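First the structure, in the form of structure tokens, and then the observations on it.
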Amino acid sequence: MSESIARPEGRPKITVTGLRKSFGSSEVLKGIDAVVSEGEVVCVIGPSGSGKSTFLRCLNKLEDITAGHVLVDGFDLADPKVDINEVRRHIGMVFQHFNLFPHMTVAENIMLAPMELKKVSKAEARDQALALLEKVGLREKADARPASLSGGQKQRVAIARALAMNPGIMLFDEATSALDPEMVGEVLQVIKDLARTGMTMVLVTHEMGFAREVADRVIFMADGVVCEEGTPEDVFGNPRQPRLREFLSKVL
Amino acid sequence: MVAAWLAFAALLLGATGAQAQETDNSGVAGKTFVIGTDTTFAPFEFRDSSGELTGIDMDLIRAIAESQGFEVEIRSLGFNAALQALSSNQVDGVIAGMSITDERRQIYDFSEPYFESGVQMAVDQDDTTITGYQDLAGKTVVAKTGSEGEAYAKSIADQYGFTVNSLDQSATMYEAVKSGNAVAVFDDYPVLAYGVAQNNGLKTVTEKVPGGSYGFAVNKGQNPELLAAFNTGLAQLKASGEYQRILDKYLAAPQSAAPSTFLDLLTSSFPALMKGLGNTLLVTGISFAVAMVLGLVFGFFRVSTSKILRGIATVFVAVFRGTPLLVWAFFFYFGIPQLTGQPISIWVAGVLTLALNSGAYITEIVRGGIQSVDPGQLEAARSLGLGYGKSMQRVVVPQAFKIMTPSLINQLIIMLKDSSLLLAIGFAELLYQGQQIYAGNFRITETLFIVAVIYFVAIMALTWLANTADRRFNK
């Protein structure tokens with residue numbers, strides 16, 4: 001199947017240059033350059049502590065950028081004059097621990113952003129929320145509280161919530177790491193469906209099989225730098241860096 | 001009719017006519033003066049069973065006011081509080097069975113003496129071991145702070161080898177003797193005589209030591225016309241025999257209090273206590289609302305990203321959590337007016353005291369509540385494009401409130417109980433009203449029991465209400 005996935009030739013959606021990030025005196029990202037093109041699905045893999053989650057969180061400025069530039073749709077997130085809230089509307093994010101709002105129903109979780117930011121009516125927001133829930137197969141849970149859902153259901157709701165603003169980019173931060181094994185499949189299926197729609201996606205994941213299957217490109221990070229990148233076939237089938245080989249020997 | 005004609009004539013004569021009047025009341029007529037007094041100095045000032053302030057001082061000042069044509073508004077503050085209120089011009093004059101001393105003359109102007117007092121010693125009525133000063137060796141006696149009795153007791157304490165413990169109220173002093181915490185009380189003879197006649201459980205065992213004279217005081221250099229009017233009125237009362245009638249009413253033939261039942265006490269004290277409860281609830285309610293605003297503002301400062309705001313909130317909490325409530329009550333009510341020259345309402349002082357103290361605690365409750373919400377919640381809201389304020393408002397704060405509610409209910413209850421401290425500045429809350437009642441009837445234990453039950457019921461009701469609201473809004 002590897003030949004069938006052509007490297008997308010779309011224009012750059014995210015351009016990262018010389019990205020550095022320090023927490024206090026410890027530097028977590030040590031100068032990263034990366035480009036994600038429109039419609040591309042990029043998986044970021046690497047050992048824990050390699051900085052892959054921090055990298056992802058810099059893409060919507062959940063982490064302040066210490067140095068370098070992150071251009072999203074042409075807006076430089078490192079520029080303090082850029083309205084980050086405006087940029088974030090176009091970037092959906094899915095977290096490892098779901099982070100659903102427990103004091104709202106499932107539908108209200110999804111309706112919050114459209115109602116607050118786009119000022120759509122409650123009825124319209126609910127219709128849209130139900131449609132999104134339909135997509136992730138949870139239409140009947142619209143009026144349930146998040147606490148009553150299983151982990152897999154929670155993560156599917158979180159994906160629906162992240163899609164509510166019709167983002168052009170989706171970020172997934174270890175979206176299946178907190179799930180029981182039997183629930184991983186249902187969430188990966190939703191993500192796969194999304195990938196097929198042509199959504200630009202960056203995923204930090206530990207699911208190597210999944211990465212190999214959905215990714216257009218795989219980035220291997222180690223010690224705060226991009227150690228190796230390429231097509232899944234190259235990265236998994238023909239690793240060049242010893243660091244990557246060592247990593248793959250442990251996880252595969 | 002005659003008065004009307006005279007007024008008309010005075011109007012026609014104008015300034016000349018006014019000057020022609022030789023009375024001293026020209027400066028006071030028609031005015032209202034605020035007079036501070038003690039709460040508990042029977043028979044000079046105390047509350048009768050109907051809750052009205054009565055006593056020798058009260059009868060005198062009212063009779064003088066009437067004869068000199070001015071109005072008085074009596075504030076029953078407690079002795080020390082009344083003097084502090086006078087110093088800070090919160091009141092125009094003080095009549096509180098106060099001895100004229102050289103120290104006091106330095107800061108107040110006194111009227112002619114209106115009563116010649118003296119100190120006596122009393123012991124428990126069943127005590128047969130103490131018959132005079134010589135039996136006091138190694139024992140503890142009580143006297144009233146700043147009183148003639150205290151001065152006298154201290155002057156002979158070394159000679160007879162006893163210790164003097166100073167208390168603020170007559171009723172508490174008597175209770176200290178009856179409970180055995182002290183063996184004797186030194187107090188002004190009219191006070192002791194009246195108390196004994198009211199079955200306070202004591203007996204006098206020494207002769208009266210001739211002591212100082214009581215005077216009416218104004219702040220140094222202030223209200224000279226009031227002082228003059230007092231002196232004129234006093235002279236007139238003495239001349240007319242009214243003065244002696246007032247003294248006799250309380251001293252010559254003290255009414256022997258008919259023993260009354262607990263139920264009598266309950267029914268007679270209930271209206272005054274309910275008024276106190278009303279003030280307690282009102283001051284707590286207002287203060288809590290203000291404290292919530294302070295707590296929310298400073299609580300958000302505490303979790304803000306700005307170092308300056310965090311610093312401001314940290315200082316606020318440190319100052320008001322690190323200092324006693326009572327200090328602030330005194331500071332606001334007595335200190336601020338002396339600094340600014342502007343009197344301050346006792347409600348403002350009380351609310352400031354309670355609200356700032358509770359505000360500091362609520363700041364910490366708010367900070368703790370917000371910080372206990374998973375940071376992922378804020379990140380999720382921010383990642384959707386919601387601003388910091390909106391994210392806090394819609395996502396973090398609703399969850400924080402749910403966590404904070406039990407602590408806030410707790411804080412409300414603490415505040416309701418702490419409001420009783422405001423009695424120290426003369427705020428007429430529940431415990432203050434209780435003190436007023438037992439100051440007149442000496443039934444301390446029973447009155448305090450009733451007060452405690454009222455507090456308990458009020459707090460239980462409040463707790464139930466708050467928990468019901470919590471369940472309804474924080475499902």
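Values in this document were obtained by computation on a predicted structure and should not be read as measured data. We name chains A, B, ... by the order of the sequence lines, and we start the count at 1 in each one.
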Assess whether atom CZ of B:F449 is packed by more than 12 heavy atoms of other residues, nucleotides or ligands within 6.0 Å.
no

Name the region of A:L112, side chain, backbone, both or neither, that has any atom closer than 4.5 Å to a heavy atom of chain B.
side chain

Nearest heavy-atom pair of B:L386 and A:N85: which atoms, and what distance?
O-OD1, 3.6 Å

Can you check whether B:S383's main-chain N or O pairs, donor with acceptor, with A:N60's side chain at less than 3.5 Å?
no

With only heavy atoms counted, which part of A:I91 is less than 4.5 Å from chain B, the side chain, the backbone, both or neither?
backbone

OG on B:S391 to CD on A:E116, rounded to 0.5 Å:
9.0 Å

How close do A:R88 and B:G385 get, heavy atom to heavy atom, and via which atoms?
CB-CA, 3.8 Å

For residues A:A113 and B:L384, report the shortest heavy-atom separation together with the two atoms involved.
CB-CB, 4.0 Å

Which atoms form the tightest heavy-atom contact between B:R382 and A:L62, and what is the distance?
CB-CD2, 4.4 Å

Specify the closest pair of heavy atoms between B:Q377 and A:F101, including all atoms of both residues, with the distance to one decimal.
OE1-CD2, 3.1 Å

Taking every heavy-atom pair that is under 4.5 Å apart, which of A:Q96, A:R57, A:E86 has the most such pairs with chain B?
A:R57

Check this for me: A:K135, atom NZ, are more than 12 non-hydrogen atoms of other residues, nucleotides or ligands nearer than 6.0 Å?
no

Does CZ in B:F270 sit with more than 12 non-hydrogen atoms of other residues, nucleotides or ligands closer than 6.0 Å?
no

Give me the atom names and distance for the closest heavy-atom approach of B:R394 to A:M104.
O-CE, 3.6 Å

When you look at CZ of A:F75, are more than 12 heavy atoms from neighbouring residues, nucleotides or ligands closer to it than 6.0 Å?
no

In this structure, are over 12 heavy atoms from other groups packed under 6.0 Å from B:F456 atom CZ?
no

Inspect the surroundings of NZ in A:K119 and state if more than 12 heavy atoms from other residues, nucleotides or ligands are less than 6.0 Å away.
yes

Over 12 foreign heavy atoms within 6.0 Å of NZ, A:K192:
yes

Counting heavy atoms not belonging to B:L339, are there more than 12 under 6.0 Å from its CG?
yes

